[in-house]
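Report on the following structure.
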There are 2 protein chains.
Amino acid sequence: MDQNSLPPIQTTARDDAVLKALVGFVRAEALQPGERLPTERILAERLKVSRNTVREALTRWEGLGLVERRQGSGTYLKAAVSHDMLHMPLTLAGGHDFTSLMQTLEIRRALEAEAAALCAERASQADIAEIACKLDIMEQAFHTRDGMSSEEDWEFHQAIYRVSGNPLFEQIIAAMHELFHRFWEHPLGVRDFGHASFPYHRTIYEYIAARDPQGARAEALKLIATVEDDLKRGAAKLKLSSQT
Amino acid sequence: MDQNSLPPIQTTARDDAVLKALVGFVRAEALQPGERLPTERILAERLKVSRNTVREALTRWEGLGLVERRQGSGTYLKAAVSHDMLHMPLTLAGGHDFTSLMQTLEIRRALEAEAAALCAERASQADIAEIACKLDIMEQAFHTRDGMSSEEDWEFHQAIYRVSGNPLFEQIIAAMHELFHRFWEHPLGVRDFGHASFPYHRTIYEYIAARDPQGARAEALKLIATVEDDLKRGAAKLKLSSQT
DNA sequence: GTGCAGAAATTGGTTGGACCATTGGACCAC
DNA sequence: GTGGTCCAATGGTCCAACCAATTTCTGCAC
């Protein structure tokens, strides 16, 4: 028998019902991200549920990044909500060790390549101009400070993700970016980390401007490859120093 | 001044502290996924916090899919936890429409191709044998039931992700897989959905067995392309019928 | 009127205790 | 064994307070 033909029934779902009602409220009031939504106490009274139940529901939304609570101030909407949202919470067991970094880089290689290809397919003239702008800023920062600036570098990549037309690229890679930030705070001994990746930013841009998806994809792969090499170099150095 | 040099102090973070303590407990007891963790009441007593605080913490973990609560039974671990987990909650607005599905497919295309390539690089003889086994099961199911079986198909792909040596592939795609399941429950009018993708499963396997990363990557791209075509066909059909 | 310190109200965070609904095992009659 | 009933354990909900951070109001000095 197909086990899907007899799914488990849903008897009660108080907090789910609260969230559903809340979605309706946000839509009815046309609340925008940044606006404040009603007090927990008011919600509890209006929905005829306990404040505890309201809090559990809001805790779920907070965990999903949909809402932000500020004690003494209120609860604020952080993103648009709708009744047919799809939640995809990922928790990546990852450490600061070499293996974890390498694994996230493999994911990033896959996504970066695809985003660059899609970007080359879909970029309008205005999009290309914006990417060129970010590239200029990055290159200038590189020359004045003589080294990769993670801030401007990140801006450049974000522009590519945005132009790709698929917000998931930016969302997923942004989450991994946080992991890298945590990592880069522990320098690892490689002083010019990311230095080798610099020239590929311009070549990626040129292939995008030329509307060449395959070329852009190849250059993105090369860029990540240089980062992987840096990482391997750092790991080798670390291994060596620990043996001393 | 670098704002990172002066991080905000942690005056109170009760539920975060609870989760941290819980991570320690899971590690100390070497709890495996599926095992039951202590009662809310016991946790509250041991940690010297209110049961409500424990509940908020567990609600967060439940939202992240780390834990499952069963009323009358207990709270069960669903995944491995560690102190340096990376949470990546993605919420995609409007999941049943064509655009959202297409976007998740673009992500899957990127990851599927990379996973297939890595798999071809790293597969041992035993790994190849296991993939062959999954492929046989899938093909048999296809012939007896005359259609794609999402269950066996999924097993096949999972085997590839596992052999790729990077657990992140399986985790990310598994999350998206759930979205597709929800979608497939609303058939969309295309009866033989996924039918065209069938032959590519074997070709992917053959390239993996031949240790040809580029070939495996190309076949994976073709496979996803057929699914994208099915999706476009379904969307066109739907559009047509809504115009009538 | 202006500016500012302090009081007061607002709001999320926490606590403790109570009761309900579901689960799963123990026990029993058949 | 099958099917019931009972019962203890456990998560789900509720209530009524109080705490802590924030915002707003108030009143005084100038």
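All chains are named by letter (A, B, ...) in the order of the sequence lines, taking the proteins before the strands, and each is independently numbered beginning at 1.
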Round to the nearest Å and state the distance from [X] atom [atom1] to [N] atom [atom2].
X       : N      : atom1 : atom2 : result
B:Arg69 : C:dT22 : CZ    : P     : 17 Å
B:Glu68 : D:dG12 : CD    : C1'   : 15 Å
B:Tyr76 : D:dG11 : OH    : C1'   : 11 Å

Please determine if [X] and [Y] form a salt bridge, counting it only when a charged side-chain N lies under 4.0 Å from a carboxylate O.
X        : Y        : answer
B:Glu62  : B:Arg60  : no
B:Arg70  : B:Glu68  : yes
A:Glu45  : A:Arg51  : no
B:Glu155 : B:Lys134 : yes
B:Arg122 : B:Asp127 : no

Residues touching DNA chain D, which here means a heavy atom under 4.0 Å, drawn from residues 45-56 of chain A: A:Val49, A:Ser50, A:Arg51, A:Asn52, A:Thr53
Ring-ring centroid check B:Phe142 B:His195, cutoff 6.0 Å: yes
B:His201 and B:Phe198 aromatic ring geometry - parallel, tilted or perpendicular at 30°/60° bounds: tilted
Could you go over nucleotides 7-11 of chain C and give all protein N or O partners under 3.5 Å, atom names and distances?
| from | atom 1 | to | atom 2 | distance (Å) |
| --- | --- | --- | --- | --- |
| C:dT11 | OP1 | A:Arg36 | NH2 | 3.1 |
| C:dT11 | O2 | A:Gly72 | N | 3.3 |

Candidates B:Val26, B:Thr75, B:Leu22, B:Thr59 - the one meeting side chain to side chain contact (heavy atoms under 4.5 Å, CB included) with B:Val67: B:Thr75
